[in-house]
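Numbering of ligands and ligand atoms starts at 1, following listing order.
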Amino acid sequence: MPDFEEIASLEEFGSADRLEVFIGDTPALLIRIHDQILAIEDVCTHDGQTLTKGCIEDGAIVCPRHGARFDLVTGKALCMPATKPIQTFEVEVRGQKIYVRH
Ligand code: FES
């Protein structure tokens, strides 16, 4: 079972709702929604676009290139042109530190 690793701290978000990080070798996004932190792979499964600048709406992120939507919790592709899920990661916040299991 992989362990949790410290990836970032809450202060690093500043006023933003997302933070670009690496989880192991995987480019990833930490996303803050209300008091919850979610972690997703930052690569669209349709054609490799980063999701960094994607709109977040209704618990999903929209790929800025062709509009595929991915569920932020499950990673499931919710609409074409993507059909495969993105990877998501389990997150724990301990104090100000953000830990991700990978
Ligand atoms: S690269 Fe993301 S929808 Fe095409």
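Among residues two or more places apart in sequence or in another chain, the side-chain contact (heavy atoms from CB on, under 4.5 Å) test is passed with T50 by D42, T52. A search for salt bridge (charged side-chain N to carboxylate O under 4.0 Å, His left out) contacts involving E5 returns nothing, not counting sequence neighbours.
Sorted by first then second residue, the ring pair (Phe, Tyr, Trp, His ring centres under 6.0 Å) pairs that include residues 19-75, not counting sequence neighbours, are H46-H66.
F4 and V73 end up in different hydrophobic clusters when Ile, Leu, Val, Met, Phe, Trp and Tyr side chains are linked at under 4.5 Å. Cluster annotation: V21 and I98 are assigned to the same hydrophobic cluster (Ile/Leu/Val/Met/Phe/Trp/Tyr, side-chain heavy-atom contacts under 4.5 Å, transitive).
Shown here are the protein N/O/S atoms lying under 2.8 Å from atom 4 (Fe) of ligand 1, water excluded: H46 ND1, H66 ND1.
A side-chain donor-acceptor contact under 3.5 Å links T45 to the backbone of K84.
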